[in-house]
Amino acid sequence: MIKFIEKIQNHVISRRSFLGMSAGAIAAVSLTGCGLTKVATKQAEEIAKAEGQWLTAACWHNCGGRCLNKAYVVDGVVVRQKTDDTHPDTPDYIQQRGCARGRSQRHQVFGVDRIKYPMKRKHWEPGGGKKELRGKDEWVRISWDEALDTVAGEIKRIREKYGSNSILVTGGSEMPRTLGLYGGHSTHWGTTSWGTWRWGPNKFGMEDGYTEHSINDRLDLRNSELVVIWGGNPAWSAGGSPMYHYLQAKKAGAKFIIIDPIYTDTSETLEAQWVPIYPGTDHAMALGMAYTLVTEDNPALNPLIDWDFLNRCTVGFDAAHVPPGADPKENLKDYILGTFDGVPKTPEWAAEICGVDPEAIRDIARKIGKTKRVALFTAWAAARTNNSDSWPQMFMSLGAMTGHMGQPGRMTGVSCHFATGNGGPYLVKPGGNGLPVIKNPVTDRINDNEMWETILTGKYTAGYNKKKDINIQLIYHGYNAVLQTRSAMNKGIEAHRKVEFVVSHSHFLTTNSKYADIILPATTEWEREGGFSNGNREMLIHYTRITQPLFEAKHDQWMAIEIGKRLGLKAEDIYPLSEKQQIFNQLAGATVIKEDGSGMEKLVTITAGDIAAMGVAGKPQQGRITLQEFREKGIYQVERKPGDKYGHIAYEKFRQNPEANKLKTESGKLEIHSKGLADLIKNYGFTEIRPIPTYNRAIEGYEDTFKDWDNKIKGEYPLQIINPHYFRRSHSIFDNIPQLREVYPNPVFLSAKDAKKRGIKNGDTVLVKSRHGKVLRTASVTERLMPGVVGLPHGAWAEIDEKTGIDKAGADNILTGPIATGQGTAGWNTCIGEVEKYNGEALIPDVKWPQRII
Ligand SMILES: Nc1nc2c(c(=O)[nH]1)N[C@H]1C(S)=C(S)[C@@H](COP(=O)(O)OP(=O)(O)OC[C@H]3O[C@@H](n4cnc5c(=O)[nH]c(N)nc54)[C@H](O)[C@@H]3O)O[C@H]1N2
Ligand SMILES: Nc1nc2c(c(=O)[nH]1)N[C@H]1C(S)=C(S)[C@@H](COP(=O)(O)OP(=O)(O)OC[C@H]3O[C@@H](n4cnc5c(=O)[nH]c(N)nc54)[C@H](O)[C@@H]3O)O[C@H]1N2
Ligand code: SF4
Ligand SMILES: [Mo]
C-alpha cells in the first residue's frame, strides 16, 4: 500500500485534525495541528496529478437505492468519486445514479473516527466490572490477541454458567456460524421495514408471497392514468431512479394523489393532490372510501365496483362469498355498512379519526372507482404502526373492489424501497456463495419490541398465552445497529448496563459500540475482496476492493474464525470456503434473463485462466459477458424498452384464471375474510384481529392523544411523532459524516400551527418528549406538515447527557415505546408526545460537535 497512508497511519492523529484520507478531503480540509500539513498537501497535489484507475466501489447500505459508484484510485488513494456513466441515460435505459451519501462514501471509509484497533472499556473485568459505566467509561487500546481471548473467554464462561441461550446475537453477522457450532445462541426478530406487510400478506394472499412483486413494472406504470400513493416519499427514501419512474408516468399523463401527513418533496415534484392524514389512521379513511363505493355503486348507471373481479378472485366481501364454514355475518360489506355493529363506516365516521375531509374521502373514492387504469400504492411507513395488522388486507381489498389488479396500468400493492414503481422478478441476479447453512440449536427468539425489557425482566412472549423465562448475560452485536434502530432505547441502555458482557464488531463508535465492553474493528466493503449489490430488478453491480484494510481492521469472517478457534472449533467448519471462493461462486452462479424472456441463463463467461488467476476451484463456463468486462464496467444492466419481453403485470394470470393460478391461501383466492390471517396474528401472542379487515385503534395512536375522545380534549401527549427516513443517513449509517451533517442539519419538523401555539420559532431549540424519553432538536417550522404531527428524522446517533438523561441528537427510538402488537410489528410511526421550547442551553449544529474518536 502507498507510503502516504502508512505515514498517516503511523502518525499520532489528533482529534478533529484530519477528515479522512481521500485526497479531495485532504486538499480541502485544514490539517493544522497534526504536523502533517505540508506532507499531506504536497502528496495531495502529486496524487491529484497522477494516473489512476476508476474502480467500482461498494455502496452497501440498506438505503432504498442501489447505485453504481466509482472511485478514482491513485496508488491506493481515492482521489475522487463519480457515479454511473457506463451508458447514456434515457428514460427506458436509465443510469444507476448515486446520491450525496454514496458520493460521500470515501469520507466514511477513510473517516478519522474509524475504530482503528481493538478497544476495551477501561473498567471492564470478567463478570462486567462497573457495568454502570457502559457508555461513559474510557477506552483503552488492546492487542487483537487480548481482544479475541477475552471475547472467547467470556463466551465460554457465560455459556457454562448460564447456558447457551444466555447469549443474544443481534442483527445478522458472521458470529451465528461460530456460535451455532458452539451450542447456539438466542436471537431476536421483528417486522422492521415492512411493518404489517411482513407476514400477514402471505396468509390473505399476496402474489409470490413477496410484497415487492405485487405491482407491475416501471414501463407499465406509464399506462396508469391515476397514481394514488398512500404514504411514501421516494424523493427521500428510495435512492437511485424510483422518482424518475414516477416522473415518466407523470409525463405520460398520470395524475397523482398522495395521502401523507407531510407535503413531501415527492408530492411537490409530482404536483400531486396532497391529502394530509393522521399517522396510523389510513385504515379508517380506506373504510370511508369503501363505504362511498358500496353506497354509490350502480352497475348500470355508475359502476364503481368491479363485481366480476370480486366474485371470481376473492372471498369474504359479502355474505354470499364468505369461505365455507365461516360465519356469513363476518364479511366486509356488512362491516362497512354497519349492519351488525350499528356503525356505518361513512366518510364522516372516517373523518373523525383520520382528519381528512369527508368530501375529499368521497371524491378520491369516486376517482379510483371511475378511472380505468389506477395504480394504488403504499409504502411501508403506514404499516410500521401498532395494531395495523388488518391494514394491508384493507388496502388490498380496496384494490380488489375497484378491480385495479392484474391488467396493464392497473395495480395495487407496496411500492417502496428499491422496487418503488418497478415490481417483478429479478432480470439479473448473483448466484449463492456456496457456504453451508449452520443450524442454531437454540430456539429462543425474542421480539424486537420486547428485547430490552426481556433482558431486564427475564421473560418474553413465546406464542399465544405463552411466556418463557430467559437470562441474557451476553449481548453480541455483529453487523447491525439495534440499540439505535429498535424501539425503547432508554430501556436498551439499561439492559446493556445489566448484562455481564457486551461485544460489538464495528466501523465506528456507534451506539451499539459506545455501550459495549469490547469493540472489534471491522473492515468496510471497500477493504474487502469485493462483492455484489442488486436491488432494482434490472441490474447487478459487482464491486471490487478499493483499498487494503485500514489500521488493524479485520473482516468479520476472520473474527468469527479466530474466536471459533479459541473455542476449540475448526476454521474449516465455520468457513469452509475462502472469501475469494465465495465471490467466485456468486459470479459463476449469476444468471440473466434470456433475450426471449423465456427463462434465465448464465451471466458471466469464465475461463480456465480466470479461475487460475483467482486461485479458486471451479469450471470454465460460457455466459453473456466476460469476467473482465463485468469487473471493468462494474455493472450488468438489462436494456429495457416498451414492449420488450421483460415486463411484469402482477396478478395477471391469477386474474385471468384464479382456479388454475391459485394464490397461496387456504381458498386459493385473495381473502377479504382470512381465518389464516386471524390465526397467524393470534398465535404470536400479542394482540388479536378479526378475519375481516376492521379498523383497530392503535396503542399510542391518534386516539390516545386525547384524554377525552368524546369531547375532543387533548391529553398530556397531544402530538403524533413519525420518523421520515432522512437524506443525511441510511438509517444510522452516515450520521457521523461531517460533510453530510453540514448539508442535512437533522432538525425536528413542526407544523406552523403547533409551533405558534407553543411559542416556538424556526431555529429554536426544542424539547421533544414522550412517555419513554426526551430529545432535543432545532425546530424547523413548516406549513408542509399536518398540525398535530411531528416529523423526527430516523436514525440519529444518540448523544445522551448523563446529567439530564436527555438525548441531544434526536434519536427516534429514545421516544418509541416497548410495545408489541399483532405480528410483533415494528410500530415506530405510532408514538405520541409533546414539544416545548427548551429553556436550557441552545443546541449547536451537529456538524460542530466533536467527532467520536477513540
Ligand atoms: N424509530 C424508528 N426506528 C426504525 C425505523 C424508523 O422508521 N423509526 N426504521 C427501521 C428500518 S425500516 C430498518 S430497515 C432498521 C435498520 O436497522 P439496522 O439494520 O440496525 O440499521 P443500520 O443503521 O443500517 O445498521 C447497520 C450497522 O451495521 C454496520 N455495518 C455495515 N457493514 C458492516 C460490516 O461489514 N461489518 C460490521 N461489523 N458492521 C457493519 C453499520 O456501520 C451500521 O452500524 O431500522 C429501523 N428502525
Ligand atoms: N435516505 C434514506 N432513504 C431510505 C432509508 C434511510 O434510512 N435513509 N431507509 C430505507 C429503508 S430500509 C426503508 S424500509 C425505506 C422506508 O420507506 P418508507 O416507508 O417509504 O419511508 P418513510 O420515510 O418512513 O415514510 C414515507 C412517507 O410515509 C409517511 N407516513 C408515515 N407514517 C404514515 C402513516 O401512518 N400514514 C401515511 N399515509 N403516511 C405515513 C411519511 O410522512 C413519509 O412521507 O426507506 C429506505 N430509504
Ligand atoms: S441511494 Fe443508496 S446506494 Fe445509491 S448512492 Fe445513495 S446511499 Fe448509495
Ligand atoms: Mo427498512
Side-chain angles (χ1 to χ4, degrees), residues 57-69 81 83-84 96-105 108 190-195 197-198 228-242 258-267 274-283 285-286 354 356 377-386 388 391 395 414-420 481 485 533 535-536 541 543 698 701-702 720-735 740 744 749 784-786 789-791 793-796 812 826-831:
C59 201
W60 65 95
H61 319 289
N62 183 15
C63 60
R66 294 293 185 267
C67 316
L68 186 66
N69 281 297
Q81 280 190 244
T83 185
D84 192 1
Q96 307 294 328
R97 288 196 202 163
C99 75
R101 295 181 302 273
R103 291 174 195 221
S104 308
Q105 190 69 266
Q108 181 183 46
T191 67
T192 47
S193 310
W194 299 269
W197 288 96
R198 186 73 182 96
V228 180
I229 305 175
W230 219 308
N233 181 18
W236 279 20
S237 64
S241 24
I258 300 189
I259 305 161
D260 194 305
I262 303 175
Y263 182 66
T264 58
D265 286 354
T266 304
S267 280
W274 176 40
V275 183
I277 189 164
Y278 291 123
T281 66
D282 305 271
H283 194 134
M285 176 170 173
C354 68
V356 181
F377 287 160
T378 181
W380 294 312
R384 288 198 295 268
T385 51
N386 293 342
S388 65
W391 158 245
F395 184 79
V414 170
S415 177
C416 197
H417 211 261
F418 46 62
T420 303
T485 55
S533 163
N536 82 58
I541 291 169
Y543 52 82
Y702 173 63
Q720 288 184 277
I721 303 167
I722 55 170
N723 309 135
H725 288 211
Y726 186 55
F727 256 137
R728 183 200 284 183
R729 302 177 284 266
S730 168
H731 305 289
S732 65
I733 300 176
F734 292 110
D735 192 43
L740 293 171
Y744 306 114
F749 298 103
R784 296 173 59 149
L785 195 66
M786 186 182 192
V789 183
V790 173
H794 162 54
D812 43 0
W828 297 300
N829 284 328
T830 21
C831 175

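Just follow the structure's listing: the first ligand is 1, and inside any ligand the first atom is 1. Computed over heavy atoms, backbone and side chain alike; hydrogens, waters and symmetry mates excluded.
- Distances between N or O atoms of R101 and those of ligand 2 include at least one value under 3.5 Å.
- For W236 and Y726, the ring centers are positioned less than 6.0 Å apart.
- Taking every heavy atom of G239 and a limit of under 4.0 angstrom, the matching atoms of ligand 3 come to 1 (S).
- Distances from atom 8 (Fe) of ligand 3 show that C59 has an N/O/S atom below 2.8 Å.
- Of all the atoms in ligand 2, the ones that sit under 4.0 Å from a non-hydrogen atom of P279 are 34 (C), 35 (O).
- Some N or O of Y726 is nearer than 3.5 Å to an N or O of ligand 2, by distance alone.
- Those atoms of ligand 2 that come under 4.0 Å of a heavy atom in W236, given as number and element, are 1 (N), 2 (C), 3 (N).
- When heavy-atom distances to ligand 3 are checked against a 4.0 Å cut-off, C99 comes that close through both its backbone and its side chain.
- In the candidate list C99, C416, A379, C416 is nearest to atom 17 (O) of ligand 2, counting heavy atoms.
- Ring pair W391/W230 is perpendicular by interplanar angle, where above 60° counts as perpendicular and below 30° as parallel.
- In I722, the part holding a heavy atom less than 4.0 Å from any atom of ligand 2 is the side chain.
- The ligand atoms of ligand 2 that sit less than 4.0 angstrom from a heavy atom of G231 are 28 (O), 37 (C), 38 (N), 39 (N).
- The single protein non-hydrogen atom nearest to atom 4 (Fe) of ligand 3 is C67 SG, 2.2 Å, given as residue, atom name and distance.
- For ligand 2, the polar-atom distance check against H794 finds no nitrogen or oxygen pair separated by under 3.5 Å.
- Here the two rings, on H283 and F395, have centers that are 6.0 Å apart or farther.
- Near G280, with a cut-off below 4.0 Å to any heavy atom, the atoms of ligand 2 are 34 (C), 35 (O).
- The nearest protein atom to atom 2 (Fe) of ligand 3, hydrogens excluded, is given as C63 SG, 2.2 Å; this is a heavy-atom distance.
- Contacts of S730 with ligand 2, taken as heavy-atom pairs under 4.0 Å, involve the backbone alone.
- Using a 4.0 Å cut-off between charged side-chain N and carboxylate O, D84 and R97 make no salt bridge.
- Proximity of P234 to ligand 2, defined as any heavy-atom pair under 4.0 Å, is not found for any part of the residue.
- At a heavy-atom cutoff of 4.0 Å, ligand 2 is contacted by no atom of W194, backbone or side chain.
- If you look at S193 next to ligand 2, the close heavy atoms, those under 4.0 Å, come from the backbone and the side chain alike.
- By the criterion of a heavy-atom distance under 4.0 Å, the side chain of H417, and not its backbone, is placed next to ligand 2.
- Ionic pairing of R784 and D260 is not present here: no N-O contact between side-chain nitrogen and carboxylate oxygen is shorter than 4.0 angstrom.
- For H731 and H61, the ring centers are positioned 6.0 Å apart or more.
- When heavy-atom distances to ligand 3 are checked against a 4.0 Å cut-off, T83 has no atom that comes that close, whether in backbone or side chain.
- Counting atoms of ligand 3 from 1 in the listed order, those under 4.0 Å from a heavy atom of G98 are 5 (S).
- Counting heavy atoms closer than 4.0 Å to ligand 2, residue N233 contributes atoms from both its backbone and its side chain.
- Residue-ligand proximity: P261 is placed with a non-hydrogen atom under 4.0 Å from ligand 2.
- Near N723, meaning under 4.0 Å from any of its heavy atoms, are these atoms of ligand 2: 24 (O).
- Close placement of the H417 and W380 rings is indicated, their centers lying within 6.0 Å of each other.
- Relative to atom 12 (S) of ligand 2, the option among H731, R729, H283 with the closest non-hydrogen atom is H731.
- Here's the thing with D260: one of its N/O atoms is less than 3.5 angstrom from an N/O atom of ligand 2.
- Looking at ligand 2, you'll find an N or O of D282 within less than 3.5 Å of one of its N or O atoms.
- Here is the list of ligand 3 atoms found below 4.0 Å of a heavy atom in G102: 5 (S), 6 (Fe), 7 (S), 8 (Fe).
- Heavy atoms of R384 approach ligand 2 to within less than 4.0 angstrom.
- Of all the heavy atoms of I277, the ones lying under 4.0 Å from any atom of ligand 2 belong exclusively to the side chain.
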